[in-house]
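Single-structure report; data block below.
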Amino acid sequence: MTTAPSPTSPDWHARAGALRADGRAVVDGRRVPAADGAEFEKRSPVDGRILGVVARCGSTDVDRAVAAARAAFDDGRWARQPPAARKKVLLRFAEHILAARDELALLDTLDMGKPIRYSTSVDVPATARCIAWYAEAIDKLYDEIAPTGPGALALVTREPMGVIGAIVPWNYPMIMAAWKLGPALASGNSVVLKPSEKSPFSATRLAELALEAGLPPGVFNVVPGFGHEAGEALALHPDVDAIGFTGSTRVGRRMLEYAGRSNLKRVYNELGGKSAFIVFPDFHDLDRAAATAAGAMFFNQGESCNAPSRLLVHRSIADDFVQRVSALAPRYQPGDPLDGNTEMGALVDATQLRTVLGYIEAGHDEGARCVTGGRQVRAESGGHYVEPTVFDGVRNDMKIAREEIFGPVLSVIRFADEAEAVRLANESSYGLQASVWSSGLDRAHRVARALRAGTVHVNQYDEDDITVPFGGYKQSGNGRDKSLHAFDKYTELKTTWLRLDP
Ligand code: NAD
């Protein structure tokens, strides 16, 4: 059901109707179709409408984009500009992103189904902030002089790597791209970005905005297309120096194979998760904990790598806590993503819908108890929607506790004591994030230390910022996005040792 827009809120339906999405590639500063003219039609998961056609890039297009990126890198049109000049361009790029907020937000909402209230308030501002933050860093980073003896001067400097391939998913199309673009461009590299075939439009628009901001042609190229075509060609390319990949663990494995089969390019994988949210009975505000669990789980339709999809609750409070979380489900009933009041939108496509419903069936089959949700809804819209779903009585060895569902399905697992909570949380092939809720300082620190995860939240979940690293232990990946540490991925360390004669 669509609520009437308030007098001040934009009429997103009217804007969506007027939108013309351009899915052509951006190579060497120009919009181009695929070399062989191949294209595919992109439908919206919101209501099934056709959004436009997208260039189906293949190896010829990737060759052209990599050649453009290499030429731009080699002639220094970007890499050898003074730091202050590069900073200025990237800051302007960030401003252009903010100025195009409504258009970019609409593209992502229509492309992958997230509520417009969040694509405007989260995705666009976070993308701009990421670019601006790395821009600001450019002229504040110094290199090193090693502590040598008097007969030498040893410089330890960072240099851009060259051509970076960025392959990203559809769940936060612009933010995931920005996490690669920010540090890669700020450190002077050229980039070839392969957005997901499920969310190509905002990526190509970002490249246009970068050009308008003064980024020289060839420095930031976009090759839309499918993973096994454009993605594989990019990851296998002998002239790509590093791949920044965000996506599934299954495809992350392939990235390592591609590197092994080609030029041993660096591969940085940011992969899936099955994060544990651990609630101890000594936490003083169970309502807040429950609201945070539901909010973080159902945000973005559960299509977040760091969704706290395993809720570990001490058995003494489990009935009460499950009740509190389930009571919040009505708030997250899926609605029209173009309605400014909607909290949860559409799943990205029919395949994802089937996957999520398949996991819900597996939960029933394995004996877990569905306490709320579990059904497809709004099918009459032509889109793909699933209710917020909570399973109680889940064991950690069940499929719904082991595998990443990437949909709005929460699995509740009960524990008896702290040691069991830590063991259950760590018994996962993933290690992206975790959260511990306790009012005891000792326990909070003890458990946070024991958890094998790249980020551990204490008494909160989603408070986060570009200033801190993001990435996982174990099969959640290697390397880190965000923070100054991300520069490590896109720069080489060079030692220059000078002998000083007396
Ligand atoms: P995916 O692995 O299917 O696809 C990711 C990207 O890889 C897409 O651009 C796709 O076209 C491309 N690709 C697919 N097959 C390929 C191949 N054979 N060769 C080269 N490229 C290929 O993932 P998805 O469904 O787009 O995204 C969801 C996944 O992303 C989830 O597992 C989620 O946890 C993960 N994710 C991780 C993070 C993180 O920072 N750790 C953030 C967001 C999403």
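Counting convention: from 1, in listed order, for ligands and their atoms alike. Numbers here simply count residues along the sequence, with the first being 1.
- For atom 32 (O) of ligand 1, the nearest non-hydrogen atom of the protein is E404 OE1, 2.6 Å.
- Aromatic ring orientation, Y268 versus Y490: perpendicular (interplanar angle above 60°, classes split at 30° and 60°).
- Atom-to-atom distance recorded for L347:CG and Q301:CD is 6.5 Å, nearest 0.5 angstrom.
- Using cut-offs of 30° and 60° on the angle between ring planes, the pair F299 and Y172 is parallel.
- Atoms of ligand 1 found under 4.0 Å from any heavy atom of K194 (numbered from 1 in listed order, with element): 8 (C), 9 (O), 10 (C), 11 (O).
- Each of the following atoms of ligand 1 lies closer than 4.0 Å to a heavy atom of W170: 24 (P), 25 (O), 26 (O), 27 (O).
- Between F40 and F226, the two ring planes are tilted [angle within 30° to 60°].
- Counting heavy atoms under 4.0 Å from ligand 1, residue M176 touches it through the side chain alone.
- Proximity of the aromatic rings of F406 and W170 is defined here by a centroid distance below 6.0 angstrom, and this criterion is met.
- The nearest non-hydrogen atom to atom 41 (N) of ligand 1, considering only T351, N269, D481, L271, comes from L271.
- Note that CD of Q352 is 10.0 Å distant from CE of M112, once rounded to the nearest 0.5 Å.
- Environment of NE2 in H364: crowded, with over 12 heavy atoms of neighbouring residues, nucleotides or ligands closer than 6.0 Å.
- Here is the list of ligand 1 atoms found below 4.0 Å of a heavy atom in Y258: 17 (C), 18 (N), 19 (N), 20 (C).
- No more than 12 heavy atoms of other residues, nucleotides or ligands lie within 6.0 Å of CZ in R452, so this atom counts as exposed by the packing criterion.
- Taking 4.0 Å as the cut-off between side-chain N and carboxylate O, R158 and D488 count as a salt-bridged pair.
- Atom CZ of R49 has more than 12 heavy atoms from other residues, nucleotides or ligands within 6.0 Å.
- Among all protein heavy atoms, the one lying closest to atom 14 (C) of ligand 1 is G227 CA, 3.7 Å.
- Looking only at atom types and distance, the side chain of N396 has a donor-acceptor partner in the side chain of R310 under 3.5 Å away.
- Taking all heavy atoms of V168, I167, T355, N171 into account, the minimum distance to atom 43 (C) of ligand 1 is reached by N171.
- Ranking the protein heavy atoms by distance from atom 23 (O) of ligand 1 puts S248 N, 3.4 Å first.
- Using a 4.0 Å heavy-atom cutoff, P195 is listed among the residues neighbouring ligand 1.
- At a 4.0 Å cut-off, at least one heavy atom of M255 sits close enough to ligand 1 to count as contact.
- A heavy-atom distance below 4.5 Å is not found between the side chains of K489 and R266.
- Distances below 4.0 Å separate heavy atoms of E232 from the following atoms of ligand 1: 19 (N), 20 (C).
- By heavy-atom distance, the residue among P169, G247, S199 lying nearest atom 29 (C) of ligand 1 is G247.
- At a heavy-atom distance under 4.0 Å, no atom of Y172 approaches ligand 1.
- In the vicinity of G272, heavy-atom distances shorter than 4.0 Å reach the ligand 1 atoms 32 (O), 34 (O).
- Distances from atom 5 (C) of ligand 1 to the heavy atoms of L193, T246, N306, V348 show the closest one on T246.
- Per-residue contacts place E197 under 4.0 angstrom from the following atoms of ligand 1 (heavy atoms of the residue considered): 10 (C), 11 (O).
- Within the 4.0 Å heavy-atom criterion, neither part of K198 lies near ligand 1.
- Of all atoms in ligand 1, numbered sequentially from 1 with element shown, those under 4.0 Å from a heavy atom of F470 are 39 (C), 40 (O).
- In this structure, atom 34 (O) of ligand 1 is in close contact with the protein, since a protein heavy atom lies within 4.0 Å of it.
- Near F406, with a cut-off below 4.0 Å to any heavy atom, the atoms of ligand 1 are 28 (C), 31 (C), 33 (C), 34 (O).
- In this structure, a donor-acceptor pair under 3.5 Å is present between the side chains of T109 and S119.
- Between C305, A230, P224, it is C305 that holds the heavy atom closest to atom 39 (C) of ligand 1.
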